[in-house]
Amino acid sequence: MQGVKVEETKLQGVVIVTPQRFGDNRGFFSETFSTRAMEAAGLPLLFVQDNLSRSAVKGTVRGLHCQAPPHAQAKLVRCLKGAIMDVAVDVRAGSETYGEWVGVELSDDNGAALLVPQGFLHGFATLTDDVDVFYKCSDHYAPDTEMSVRFDDPDLAIDWGVDPATVTLSEKDAQAGSLAAFETPFDMNEGLAT
């Protein structure tokens, strides 16, 4: 990740990571992940699982999800094909920004990734058809620790960049609860958000 650019967002710990691209007449080359570069940028995370998500149609929403401790996950999310609105919501008890969200457009054109630490809900909406999203996770999938909040919770009022009345959702996401009913397992003072 030589020449990596790190941009802070309004939510502490949620950062945009954009690696440099080296282009020529063939296309480009980009080192998309390096533990050395992440450590140098102050982001020393150990990732143990890679996931690839494919969505066929624009307006597909996946989220909002997290895993509770002891299997809480940080995620480094990148869009390999198409474009998404990637969203992180602060659910750390004691945080000044609890319940606030940030949305970042990730695409194959901009090459950016969003780092979503532990203590945040995560989700994305596809802004184009035929979208591939690749993300690294700091803990393995543990379905018994999964938690979720509805993507269209009025208390969050997230602008997903798509019409919420016409989105494609999984049955599980359609049954997610509200932020008001969400019992957060994350505490700002226990260091789970790093």
Pair His122-Val87, side-chain contact (heavy atoms from CB on, under 4.5 Å): steps then yes or no: CA-CA 6 Å; His122 172 257; Val87 172; over 6 Å; no
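- Put simply, CZ on Phe134 and CG on Leu76 are 8.5 Å apart, with the number rounded to the nearest 0.5 Å.
- Within 6.0 Å of NZ on Lys58 lie no more than 12 heavy atoms contributed by other residues, nucleotides or ligands.
- The closest donor-acceptor contact from the side chain of Ser55 to the backbone of Val131 lies at 3.5 Å or more, if one exists at all.
- Residues Met188 and Gly94 share a closest heavy-atom pair of CG-C, 3.8 Å.
- Of the possible polar contacts, none joining the Arg54 side chain to the Asp130 backbone as a donor-acceptor pair under 3.5 Å is found.
- Ile84 pairs in a side-chain contact (heavy atoms from CB on, under 4.5 Å) with only one of the listed residues (Thr60, Val133, Asp132), which is Val133.
- Atoms CZ and CG, from Phe186 and Leu121 in turn, are 8.0 Å apart once rounded to the nearest 0.5 Å.
- Here the straight-line distance linking atom NZ of Lys10 with atom OG1 of Thr97 works out to 8.5 Å at 0.5 Å rounding.
- A salt bridge is defined here as a Lys NZ or Arg NE, NH1 or NH2 lying under 4.0 Å from an Asp or Glu carboxylate O, and Lys81 with Asp108 fails to meet this definition.
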Ser30 vs Thr32, side-chain hydrogen bond (donor to acceptor under 3.5 Å, both in side chains): CA-CA, chis, key distance, verdict: CA-CA 6 Å; Ser30 182; Thr32 60; over 6 Å; no
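- Side-chain contact between Lys172 and Glu146 is present, with heavy atoms from C-beta onward closer than 4.5 Å.
- In this structure a side-chain-to-backbone donor-acceptor pair under 3.5 Å is present from Ser178 to Ala181.
- Residues His71 and Asp144 bring no donor and acceptor atom of their side chains to less than 3.5 Å of each other.
- Taken from CG in Leu156 to CG in Leu179, the straight-line distance is 5.0 Å, to the nearest 0.5 Å.
- Asp90 CG to Trp101 CH2: the interatomic distance, rounded to the nearest 0.5 Å, is 14.0 Å.
- Taking a 4.5 Å side-chain heavy-atom cut-off between Ile, Leu, Val, Met, Phe, Trp and Tyr, the cluster of Val57 contains only that residue.
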side-chain contact (heavy atoms from CB on, under 4.5 Å) assessment of Asp159 paired with Met85: CA-CA 9 Å; Asp159 180 1; Met85 179 60 66; over 6 Å; no
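- Between the OG1 atom in Thr35 and the CG atom in Leu46 there is a gap of 9.0 Å [rounded to 0.5 Å].
- Of all heavy-atom pairs between Ala74 and Gln118, the closest is N-CG, 3.8 Å.
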Test side-chain contact (heavy atoms from CB on, under 4.5 Å) applied to Phe182 and Val91, step by step: CA-CA 9 Å; Phe182 182 80; Val91 289; 3.8 Å; yes
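- Contact check for Leu45 versus Leu115: side-chain heavy atoms found under the 4.5 Å cut-off.
- A donor-acceptor pair under 3.5 Å is formed between the side chain of Asn110 and the backbone N or O of Glu105.
- Within 6.0 Å of CD on Glu7 lie more than 12 heavy atoms contributed by other residues, nucleotides or ligands.
- Under the 30°/60° scheme for interplanar angles, the aromatic rings of Phe33 and Phe47 are found to stand perpendicular.
- For the residue pair Lys75 and Cys137, the shortest heavy atom distance occurs at CG-SG, 4.2 Å.
- In terms of hydrophobic clustering, with Ile, Leu, Val, Met, Phe, Trp and Tyr side chains grouped at heavy-atom distances under 4.5 Å, Leu80 and Phe124 are assigned to different clusters.
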Please list every donor-acceptor pair under 3.5 Å in which a side-chain atom of residues 160-169 meets a protein atom from a residue at least two apart or in another chain.
{"residue": "Trp160", "atom": "NE1", "partner": "Phe151", "partner atom": "O", "Å": "3.0"}
{"residue": "Asp163", "atom": "OD1", "partner": "Ala165", "partner atom": "N", "Å": "3.0"}
{"residue": "Thr166", "atom": "OG1", "partner": "Asp163", "partner atom": "O", "Å": "3.2"}

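- Nearest heavy-atom pair, Met147 versus Ala68, reported as atom, atom and distance to 0.1 Å: SD-CB, 3.8 Å.
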Check against side-chain contact (heavy atoms from CB on, under 4.5 Å), Val17 and Leu43: CA-CA 10 Å; Val17 180; Leu43 306 169; 4.1 Å; yes
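- The closest donor-acceptor contact from the side chain of Arg62 to the backbone of Ala125 lies at 3.5 Å or more, if one exists at all.
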Candidate pair Gln67 and Tyr141, rule side-chain hydrogen bond (donor to acceptor under 3.5 Å, both in side chains), full reasoning: CA-CA 8 Å; Gln67 287 188 178; Tyr141 177 58; over 6 Å; no
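- Closest non-hydrogen pair, Asp155 versus Ala180, comes out as OD2-CB, 4.2 Å.
- Taking the ring centre of Phe28 as origin, the terminal cationic atom of Arg21 falls inside the region bounded by 6.0 Å and 45° from the ring axis.
- The side-chain heavy atoms of Val89 and Ile158, taken from C-beta on, include a pair separated by under 4.5 Å.
- Smallest separation of non-hydrogen atoms from Val116 and Ala88: CG1-CB, 4.0 Å.
- The closest donor-acceptor contact from the side chain of Gln49 to the backbone of Ser138 lies at 3.5 Å or more, if one exists at all.
- With Asp139 contributing its side chain and Gln73 its backbone, the two residues share no donor-acceptor pair below 3.5 Å.
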